[in-house]
K.L.:
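The structure is given below, and queries will be raised subsequently.
First listed ligand is number 1; within each ligand, the first listed atom is number 1.
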Amino acid sequence: MSIWNHKHIIDLACFSLEDYRTVFDLTNKFKIIPISGSRKLPALQGKLIATLFFEPSTRTRSSFELAAKRLSADVQSFSPSTSSLKKGESPLDTVMTYVAMGANVLVIRHSCTGVAEQLAQTLDQKQKNVSILNGGDGLHSHPSQALLDLFTLAQFFNNENPSINDLVGKRITIIGDILHSRVARSNLWSLTACGANVVLCGPPTLLPDEFLDFVNNPPSGIVKDPIKNRGVISISRSLKEAMEDADAIYTLRIQKERMSENLLSSLDRYHDEYGITHESLKWCKQNVPVLHPGPVNRGIEMSGELLDDHSICLVDNQVANGIPVRMALLYLLASNKL
Ligand code: NCD
């Protein structure tokens with residue numbers, strides 16, 4: 001097994017190709033363990049994984065908890081609405097409670113950008129031997145989602161033995177509310193690192209031209225990019241054009257809760273212009289899959305019929321792959337055994 005030298009996983013900007021390969025190798029090993037039944041691996045026996053979700057979640061939190069249990073870790077979760085946050089305890093003091101209980105990994109989700117990173121810095125300053133795994137922070141980053149998306153795409157292109165090489169030269173079109181999407185930002189890092197070219201498509205209010213400037217010229221000093229030859233990112237304002245040469249379509253939820261103002265005149269109009277349906281897929285090549293991180297607004301970013309069409313829509317594969325991918329991430333942070 002190769003060298004893994006990350007104490008925390010905050011975003012994918014610092015991931016090398018070797019890191020992606022390591023995650024894929026472990027995922028391929030873990031995914032053959034049956035989804036149900038009593039078979040568990042003893043790898044994280046005696047470790048404590050705490051899932052601290054300050055923002056709602058269905059699949060990410062459950063997936064991390066199942067992943068931890070499948071590796072025989074103890075799992076402690078927390079629900080903001082029934083916690084001492086209600087009595088005025090600060091989020092940091094809440095987190096420190098789980099550190100004092102001996103947590104080895106804290107999986108944290110928060111609506112504010114930068115919380116996971118700040119927390120990691122604070123814990124490092126306090127010399128605490130605990131890892132932070134970002135389960136989604138504000139608009140910034142959602143690394144485990146992007147890694148499971150990457151794996152699902154690679155598996156679609158090469159079902160036998162998915163590898164990051166399967167992404168080289170592929171054209172992935174991401175459609176929708178890109179401005180508010182931490183999933184899109186993380187996918188941009190992972191897809192381009194593995195040599196895929198990404199086309200972004202959406203209305204100007206949800207995909208301003210400046211977004212591209214930020215992606216192509218990140219503020220200096222912030223990003224130390226370990227990837228030499230990244231895939232190219234471009235913007236297309238025409239859905240037809242964006243779909244025509246795509247090898248896969250990735251559509252995103254309209255994130256009303258993260259919008260500070262009304263950026264769309266009507267959701268029906270959005271669906272007419274950017275919603276993905278069996279009809280609009282006729283612009284694509286044959287057998288192009290559709291992905292979505294969930295939760296889906298049926299009939300807005302994607303038609304209900306398409307969501308239920310498992311011959312095209314890979315949402316269930318994404319959810320299923322989330323477990324072995326997260327097992328890999330928890331194993332890498334908590335096992336100290338590579
Ligand atoms: C995403 C999230 O919370 O960032 N969902 C997820 O984790 N599966 C995407 C979204 O909220 O639309």
K.L.:
Which of the numbered atoms in ligand 1 are under 4.0 angstrom from any heavy atom belonging to Thr60?
P.N.:
6 (C), 7 (O), 8 (N)
K.L.:
When you measure from the centre of the six-membered ring of Phe53, is the NZ or CZ of Arg109 under 6.0 Å away and within 45° of the axis?
P.N.:
no
K.L.:
Answer with yes or no whether Gly294 contacts ligand 1, where contact means a heavy atom under 4.0 Å from a ligand atom.
P.N.:
yes
K.L.:
Within a distance under 4.0 Å of any heavy atom of Arg59, pick out the atoms of ligand 1 and give their elements.
P.N.:
8 (N)
K.L.:
Would you say ligand 1 has an N or O under 3.5 Å from any N or O of Pro293?
P.N.:
yes
K.L.:
Could you tell me whether the side chains of Asp19 and Ser16 share a donor-acceptor contact shorter than 3.5 Å?
P.N.:
yes
K.L.:
Please list, in number order, the atoms of ligand 1 under 4.0 Å from a heavy atom of Gln145.
P.N.:
6 (C), 7 (O), 8 (N)
K.L.:
If only side-chain N and O atoms count, and only distance matters, is there a donor-acceptor pair under 3.5 Å linking His278 with Glu305?
P.N.:
no
K.L.:
Using residues 281-291 as the side-chain source, report each donor-acceptor pair under 3.5 Å to any protein atom, sequence neighbours left out, with the distance given to one decimal.
P.N.:
{"from": "Lys282", "atom 1": "NZ", "to": "Glu279", "atom 2": "OE1", "distance (Å)": "3.0"}
{"from": "Lys285", "atom 1": "NZ", "to": "Asp247", "atom 2": "OD1", "distance (Å)": "2.7"}

K.L.:
Near Arg253, which atoms of ligand 1 are under 4.0 Å from a heavy atom of that residue?
P.N.:
10 (C), 11 (O), 12 (O)
K.L.:
Show me which atoms of ligand 1 lie under 4.0 Å from any heavy atom of Val183.
P.N.:
1 (C), 4 (O), 9 (C)
K.L.:
Is it the case that the side chain of Ser141 and the backbone of Asp137 share a donor-acceptor pair, with hydrogens and angles ignored and the cut-off at 3.5 Å?
P.N.:
no
K.L.:
Using a plain distance cutoff, I'd like to know if His142 has any nitrogen or oxygen under 3.5 Å from a nitrogen or oxygen of ligand 1.
P.N.:
yes
K.L.:
Assess, by modelled atom type and distance only, whether the side chains of Asp124 and His8 contain a donor and an acceptor separated by less than 3.5 Å.
P.N.:
yes
K.L.:
May I ask you to check whether Asn317 and Thr152 show a side-chain donor-acceptor distance below 3.5 Å?
P.N.:
no
K.L.:
So, does Glu55 sit close enough to ligand 1 that a heavy atom of it is under 4.0 Å from the ligand?
P.N.:
no
